[in-house]
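Here's the structure, in structure tokens; my notes come after.
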Amino acid sequence: MNHQLRSLFFIWSMILLSIILMVIPVPDVIEQYRLPWLKMTVIFFSIFNISLIGIISVWFSGLILDIMTGGLMGENALILAVLSYLSYRFRFQVRVYPMWQIMIVVLILLSLGELIALWIHGVSGNMFFNIYDWINVGIAVVVWPIFMRGLEKMQSSFLE
Amino acid sequence: MPLHPQQRINRFEKNFSAYRLIIVVIISCVLMYQDYQKNYLSVLRVYLSASFYPVQYLINLPNNFIQKLNINFSEREKLLQENKSLKKDNFELRSKIQQVYKLESENKRLYDLLGSQPNRDNSLIFADIVAVSPIAEKHQIIINKGSRDDVVIGSAVADSNGILGHIIRDQIFGSEVLLISDREHAIPVEIVRTNLRSIAVGTGNYNQLRINTLPTNTDIKKGDILITSGLGGRYPEGFPVGTVTDVINNPGESFLEINVTPFGNLKTVNEIWVIQPIEGR
């Protein structure tokens, strides 16, 4: 039980940290290159540590992000729920892949997220193509090995 | 007691079941639609944003604190210099206001002669900026005055130089402001020199607005001043918006492409005021 509580605490503090990283004010130069931290964290946990996370909790974290960023309520929530579900479904294959294949899977998932966002923007009448979103997806995929190893290290040291 | 492996798998399957995904997708679509239409669930959003206001405040605290610190630790010489220039400005403005009193009374007399209604005074509420939207293409800010301080949705927001935007959402202790440079924003303007009315839309660039609804034979040139026209009823009449920086006449196009630089400092704003319509209170 103790282990479970710690795990729960770890997962939620990581999700909160990524929400904070998404909304904290940064200088203009870095502003454009803000990585999709919450999506990355959710994908990681949906593949590698599914014990205390589910679609509903992921959805709520997305809703918090929507409210904090002033976006359409439910947009990020929907995207995160879909990404989390897909990551969970392919978790057995992804876990045994070598790193470069995991990176490809992350690229596909993050691109799908951007695509859903584009659809939602298109339906709500203000679709514009922001090249930086896609550049950030590329950067996120490149830094994914470091991100994943770092999170794994933190997880193992925290849950010892 | 540790769970049996099969029980664990069952729980994962339940947590990530397709049914839950479908339910969540449907709820999200309903939420998005309602939020977009701004009808039934807008109250829910107000309370949710109000409950996250402290978190937002805390997240932006370091940034605001550093800015305040910068002001406090700026040099004495600089402060004295600033004080001096402010005094000069104040003196100039006071002397200008003396003429305004005369103009105002004259204006009122003329309106009385015409028998029509003059535009009424607006009341101002001073506010500070708490947060800026982290999404680059969304030009939104959050200010520290909300419906608790009688701010109403739709009021215009300005700084000492010109119009900045208007209030789109209430957060009880704060409110969200859409800036005039946002791509979804359009402001009815009037060209002071010719009294021509038009609409300036945001470009997603903090120091540029664009007018692209004026035909090529329009009398407009670089340096023309734009003020709010008061049409549409959202923005009060006569507040400065910006100045024309470029008039581009593309051959073959039937409309001019006019670039406008806003007067208000949309990027680094400190104190702002909310212009409350008298009827709105």
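In what follows, every chain begins at residue 1, and chains take the letters A, B, ... in the order their sequences are listed.
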Practice prompt. For chain A, find which of B:V30, B:L44, B:I142, B:N63 contributes the most heavy-atom pairs closer than 4.5 angstrom.
Written response: B:N63
Discussion item. Ring-plane angle category for B:Y206 and B:H139, please: parallel below 30°, perpendicular beyond 60°, tilted otherwise.
Written reply: parallel
Worksheet entry | Test applied, side-chain contact (heavy atoms from CB on, under 4.5 Å); reference residue, B:V157; option that passes from B:L178, B:I125, B:V177 | B:V177
Worksheet item: Between A:D66 and chain B, which part of the residue has a heavy atom less than 4.5 Å away: side chain, backbone, both or neither?
Response: backbone
Worksheet item: Mind checking whether A:F44 and A:F147 have parallel, tilted or perpendicular rings, split at 30° and 60°?
Response: perpendicular
Item to complete: Please determine, among A:S46, A:G71, A:S57, A:G62, the option with the most heavy-atom pairs under 4.5 Å with chain B.
Response: A:G71
Worksheet item: Given a strict heavy-atom distance threshold of 4.5 Å, which part of A:L63 is in contact with chain B: side chain, backbone, both, or neither?
Response: side chain
Item to complete: Hey, could you give me the CZ/CG distance between B:F126 and B:D149, rounded to the nearest 0.5 Å?
Response: 13.5 Å
Discussion item. Quick check: closest heavy atoms across B:T213 and B:S198, and the distance to 0.1 Å?
Written reply: OG1-OG, 3.3 Å
Worksheet entry | Residue, of A:M68, A:R34, A:E75, A:Q32, that accumulates the most heavy atom pairs under 4.5 Å with chain B | A:M68
Response to the item:
Here the salt bridge (charged side-chain N to carboxylate O under 4.0 Å, His left out) pairs for residues 103-115 of chain A, sequence neighbours left out, are A:K39-A:E114
Fill in: Full working for side chain to side chain contact (heavy atoms under 4.5 Å, CB included) between A:F90 and A:V105
CA-CA 9 Å; A:F90 294 112; A:V105 172; 5.8 Å; no
Response to the item:
By side chain to side chain contact (heavy atoms under 4.5 Å, CB included), A:I116 pairs with (sequence neighbours left out) A:L78, A:I79, A:V82, A:L112, A:W119, A:I120
Item to complete: Using heavy atoms and a sub-4.5 Å threshold, report which of residues 14-27 of chain B line up against chain A, by residue number.
Response: B:N15, B:F16, B:S17, B:A18, B:R20, B:L21, B:V24, B:V25, B:I27
Response to the item:
Quick note, salt bridge (charged side-chain N to carboxylate O under 4.0 Å, His left out) partners involving residues 84-101 of chain A, not counting sequence neighbours, are A:R89-B:E13
Discussion item. Please rank B:Q56, B:E176, B:R45, B:Q140 by heavy-atom pairs under 4.5 Å with chain A and give me the top one.
Written reply: B:R45
